[in-house]
Protein chains: 2
Amino acid sequence: MIDVPWEPPAVLIAVDLVILTLRAASLRVLLIERGTEPYRGAHALPGGFLAHSEEDLDAAARRELAEETGLDAGELHLEQLGVYGRPGRDPRGRVVSVAYLAIAPRLPDPVAGTDAADAAWLPADRVLAGELNLAFDHRQLVLDGVERARGKLEVSSLATAFCGPTFTIGELQTVYEAVWGIPLDPRNFYRKIQRVDGFLVPTGAEQRSLVGRPARLFKAGPSTVLSPPIGRPNEAGSSSAD
Amino acid sequence: MIDVPWEPPAVLIAVDLVILTLRAASLRVLLIERGTEPYRGAHALPGGFLAHSEEDLDAAARRELAEETGLDAGELHLEQLGVYGRPGRDPRGRVVSVAYLAIAPRLPDPVAGTDAADAAWLPADRVLAGELNLAFDHRQLVLDGVERARGKLEVSSLATAFCGPTFTIGELQTVYEAVWGIPLDPRNFYRKIQRVDGFLVPTGAEQRSLVGRPARLFKAGPSTVLSPPIGRPNEAGSSSAD
DNA sequence: CAAATAGTGTCTATTAGACAATATGTT
DNA sequence: AACATATTGTCTAATAGACACTATTTG
């Protein structure tokens, strides 16, 4: 950072949230329907401008999360995804948006936000496939968010953020399958995931569902870095990184 | 992004660069010595404010890179590292900095930048160890940059960005060892890295050094994603992610 | 019992890591 | 020859993936 003789330009800072969750075994992202121009009627990510010039970026993300979903960010996984500042991305003027990725466990259906006129958990697939019309560069944010989640599932304990405080190995497998979009062998998954040191801690309790043998309940262990990583099958492809 | 009845606060945007390279088998970061307050005399990352309100962030990063090092960003690996916007990080006022990570191949010793009064490639170790006094939150940026590089070495072709257009497997090994800070077995490394599909392409040429058998020269292949990944030994540890 | 999910055993091909051995250059 | 680096071979323990099998529940 260098001092300059001229006055540097000031820009508006926005915070946008890619909030992912699992519903009906499919990966969903929280989208609101815009009620005003620009992009009236299009889907958009929840977010907003910095409240005041001294607000911390993370604090702004937590504030928006609470406003839009009523969720306390203390309970959620929340991490910075990146900055999106291409000139022209917002027709109203120069806006630099700091994107955050949040992972939410299964939530009560109604997501009536205070700000959001109309909010819904829409399948991430439909965004990736381009079926939905997203405002601004928000499709890119969702792409990047899903890609981040896919990668971190391999090497971190992120998957548990999709679950409640306790969960079965079957539920965890559903998370991996939904985010990666591929089926996994339950038997191999079962042992592989338990082999990871410090990932899962058995609670001793069991959970019984409508059918089948009751499953042991686990909670997240101390490790946030998974070693060995949970390999994603068929990564064998070239090109495209970052 | 929601429309608001009030005027959102505008802040200054800076771009800071964590430029890594290899010198004398050690990982170095480009630091300049600040000639003005605040933090006069401390080391700082190269960077600066947005030139004008319509400048793209990536363009600003490339511009700063050229100004500080004379390097053409077209030749270099350049990726966004994150945003650093904690209030109070800059005593002059609210500044949100977009950090970029650049990887440079071996460069000519003099790094006389136009802006930088005094620039030097200093060992990343000394920053990590806290030996050097860095301005602002730049120590954190270097930490994050090195950590990013360490991780990407495993799963991407980033290592080749430290090398010239052609390189030997021995040089590549030096990159891995310097960035990870651990020794690797040359024989196992030799084959392991060649097994990665699309990573290395032999040029047919050879390179002879002062001593020892000449080594085959390679260039970077089409793959930017490495599968299987190049596993980093002794990752076996708990806690701390993100 | 049938169906469904949880959990265990086992086999095989592949891989990681250790390290001996060989190849080819310089001094 | 002595030395240094590159490249190849080989052995062993660990691992991934396929899949048969057992266990425990509900209807």
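Quick caveat: nothing in here was measured; it's all calculated off a predicted structure. Each chain gets a letter, A, B and so on, in the order the sequences are listed, and its residues count up from 1. Worth knowing before you read on, the calculation uses all heavy atoms, side chains too, and leaves out hydrogens, waters and symmetry mates.
- A close approach under 4.0 Å does not occur between any side-chain nitrogen or oxygen of A:Y190 and OP1 or OP2 of C:dA6.
- Between B:K192 and C:dG17 there is a side-chain polar atom (N or O) within less than 4.0 angstrom of OP1 or OP2.
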Tabulate below the donor-acceptor pairs under 3.5 Å that side-chain atoms of residues 207-221 of chain A make, not counting sequence neighbours, or state none.
{"residue": "A:S209", "atom": "OG", "partner": "A:V211", "partner atom": "O", "Å": "3.0"}
{"residue": "A:R216", "atom": "NH1", "partner": "A:Y190", "partner atom": "OH", "Å": "3.2"}

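- With no hydrogens or angles considered, a side-chain donor-acceptor pair links A:R28 and A:S26 at under 3.5 Å.
- Checking D:dA4, D:dA16, C:dA3 against every side-chain atom of A:R195, the shortest atom distance belongs to D:dA16.
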Name the pairs: protein N/O against N/O of nucleotides 9-11 of chain D, kept only if under 3.5 Å.
{"residue": "D:dG9", "atom": "N7", "partner": "B:R191", "partner atom": "NH1", "Å": "3.2"}
{"residue": "D:dG9", "atom": "O6", "partner": "B:R191", "partner atom": "NH2", "Å": "2.9"}
{"residue": "D:dT10", "atom": "O4", "partner": "B:R191", "partner atom": "NH1", "Å": "3.3"}

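- Defined by atom type and a distance below 3.5 Å, a donor-acceptor pair is missing between the side-chain atoms of B:H138 and B:Q140.
- Remark: P of D:dT7 and CD of B:Q173 are 11 Å apart, rounded to the nearest angstrom.
- When distances run from any side-chain atom of B:R208 to the nucleotides D:dT25, C:dG7, C:dG25, the shortest one goes to C:dG25.
- By the side chain to side chain donor-acceptor pair (under 3.5 Å) test, B:D137 pairs with B:R89, sequence neighbours left out.
- For the residue pair A:D144/A:Y84, the side-chain donor-acceptor check at 3.5 Å is satisfied.
- The aromatic rings of B:W180 and B:Y176 stand perpendicular to each other, their planes meeting at an angle above 60°, with 30° marking the opposite boundary.
- Comparing atom distances between the B:R213 side chain and each of C:dG25, D:dT25, C:dA23 picks out C:dA23 as nearest.
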